[in-house]
Amino acid sequence: MGEFVIEFDHPSARPSKDGAKSDSLDAVRAAREILGRKTWATPRSRGAREGLRTLITARDSAKLARVAAINVMKALVVTAPVDLREELRGRPLMDLVGRCQRLRPDTATDPEYAATKLSLRSTANRVRQLTNECRELESAMIPLVRSMAPALLEEPGIGVLMAAQILVSWSHPNRCRDEAAFARLGGVAPLEATSGQTQTRHRLSRGGDRQLNRALHTVILARAKHHQPTKDYIARRVSEGRTKREAMRCLKRYYARHLFRLLEAAPMTA
């Protein structure tokens, strides 16, 4: 008989607090729990989907480093000598980066000026490099997204970053059994939140893939600002007595259904 491998995601219960822990004990606990489960986790696909995941990871890392470098550069401007500070303050970000890159610390006679100019130029070079790195990684995502789901980039409010994250979380056709499962994965499935005073209230799930949830939230925010049918829907729901937050919740669930159908119908050429 051939080997049968099952992907074990995470245990539903924590191990006992007796302190016993080893690789062999963890393997036994995982095997016992798998045998008792009625459904098993579906592994995510590799190939283009895994390539997108690595690009997103690298881009997020570069973005965090860029934000840190920008904060350092702005802090250096605040503490710079007066005349240098007055020259640099109030400039747009990339204009400030360009000006700091042109600083010449070797022409300064004062050691404070020389050190501050060198620090600003070094930090500005780092910001520029990380900015170019982010753009390069985003450009590399475009052909992968188009090969997996070309219609996704045509959706209002969806750019290459949001499209890549949606594809990474969705993974492949039939991973989610239906649109309700996909909504649950994205944390936009409505859950009852009734009490003795309110019988028709719902809230969104706080579980699921939080990166997919963030992508759906970002798309709905963009559509609420720039997509006229979405604006009309929110206005209609508010006129019916709903709050804007409740209208946004309904939109997320509706859009998860729309995305699921779009993704399941994608050609998936890669």
Side-chain angles (χ1 to χ4, degrees), residues 50-145 152-153 155-169 187 206 209-227 230-231 244-245 248 252:
E50 183 64 12
L52 275 179
R53 187 194 66 80
T54 59
L55 290 173
I56 291 174
T57 301
R59 193 262 178 189
D60 288 346
S61 175
K63 179 183 176 182
L64 289 175
R66 179 178 180 270
V67 171
I70 290 172
N71 291 337
V72 170
M73 184 176 61
K74 290 183 176 181
L76 290 172
V77 170
V78 171
T79 59
V82 177
D83 53 348
L84 182 59
R85 180 170 68 244
E86 292 301 323
E87 179 188 355
L88 298 176
R89 288 180 68 177
R91 290 174 177 264
L93 176 59
M94 297 314 295
D95 183 41
L96 175 63
V97 170
R99 181 66 188 91
C100 290
Q101 285 184 299
R102 296 191 298 271
L103 292 175
R104 299 181 60 188
D106 55 333
T107 61
T109 56
D110 188 296
E112 180 184 1
Y113 272 78
T116 303
K117 286 184 176 182
L118 179 60
S119 300
L120 284 168
R121 189 176 69 175
S122 174
T123 308
N125 288 334
R126 194 184 318 148
V127 172
R128 180 75 69 178
Q129 178 183 356
L130 291 168
T131 300
N132 294 335
E133 185 177 337
C134 288
R135 291 173 179 170
E136 180 183 359
L137 292 168
E138 291 172 20
S139 298
M141 296 178 193
I142 296 176
L144 293 177
V145 171
L152 201 56
L153 291 176
E155 286 288 307
I158 295 185
V160 62
L161 294 177
M162 295 300 101
Q165 183 57 62
I166 290 169
L167 285 170
V168 166
S169 299
R206 297 186 179 92
D209 188 322
R210 304 316 297 169
Q211 297 304 316
L212 175 58
N213 181 268
R214 179 175 63 87
L216 291 172
H217 180 72
T218 303
V219 172
I220 292 300
L221 287 180
R223 290 170 71 96
K225 291 182 178 179
H226 307 291
H227 189 234
T230 303
K231 294 180 182 180
K244 185 175 180 181
R245 176 177 291 184
M248 297 288 278
K252 290 178 185 178

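Predicted model only: the values in this text are computed from it and were never measured.
- The 12-atom threshold is exceeded at NE2 of His227, counting heavy atoms of other residues, nucleotides or ligands nearer than 6.0 Å.
- Residues Val97 and Thr131 have side chains not in contact (no heavy-atom distance under 4.5 Å, counting atoms from C-beta outward).
- Annotation: side chain of Glu155 is not in contact with side chain of Ile166 (no heavy-atom distance under 4.5 Å).
- With hydrogens and angles disregarded, no donor-acceptor distance shorter than 3.5 Å links the side chain of Thr230 to the backbone of His226.
- Using a cut-off of 4.0 Å between Lys/Arg side-chain N and Asp/Glu carboxylate O, Glu138 and Arg135 are scored as not salt-bridged.
- A distance of 8.5 Å separates OG1 in Thr79 from CD in Glu112, rounded to the nearest 0.5 Å.
- Scanning both residues, Arg223 and Pro156, for their nearest heavy atoms gives NH1-O, 3.0 Å.
- Residues Thr116 and Ala80 approach most closely at CG2-CB, 3.9 Å, considering heavy atoms.
- Using a 4.5 Å cut-off on side-chain heavy atoms (C-beta onward), Asp209 and Asn213 make no contact.
- Counting heavy atoms from C-beta on, the side chains of Leu52 and Gln165 never come closer than 4.5 Å.
- Other residues, nucleotides and ligands contribute over 12 non-hydrogen atoms within 6.0 Å of the NZ atom of Lys231.
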Starting from the C-alpha separation in whole Å, work towards a yes-or-no answer on side chain to side chain contact (heavy atoms under 4.5 Å, CB included) for Thr123 and Cys100. CA-CA 8 Å; Thr123 308; Cys100 290; over 6 Å; no
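- Contact annotation: the side chain of Arg91 approaches that of Arg99 to within less than 4.5 Å [non-hydrogen atoms, C-beta and beyond].
- Using a cut-off of 4.0 Å between Lys/Arg side-chain N and Asp/Glu carboxylate O, Arg66 and Glu133 are scored as not salt-bridged.
- Atoms OH and CG, from Tyr113 and Leu103 in turn, are 12.0 Å apart once rounded to the nearest 0.5 Å.
- In terms of heavy-atom proximity, Leu55 sits nearest to Leu137 at CD2-CD2, 3.8 Å.
- Within a 6.0 Å radius of CD in Glu136, other residues, nucleotides and ligands contribute 12 heavy atoms or fewer.
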Would you please test Thr218 and Leu161 for side chain to side chain contact (heavy atoms under 4.5 Å, CB included) and show each step? CA-CA 11 Å; Thr218 303; Leu161 294 177; over 6 Å; no
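- Across all their heavy atoms, Ala163 and Leu153 have their closest contact at CB-CD2, 3.9 Å.
- Between the side chains of Arg126 and Gln129, no donor N or O sits under 3.5 Å from an acceptor N or O.
- When atom types are taken as modelled, the side chain of Thr107 and the backbone of Arg104 share a donor-acceptor pair closer than 3.5 angstrom.
- A pairwise comparison of heavy atoms in Ala215 and Met162 identifies CA-SD, 3.6 Å as the closest pair.
- The heavy-atom pair separating Leu152 from Ile158 by the smallest distance is O-CG2, 3.6 Å.
- More than 12 heavy atoms of other residues, nucleotides or ligands shown are found within 6.0 angstrom of CZ on Arg210.
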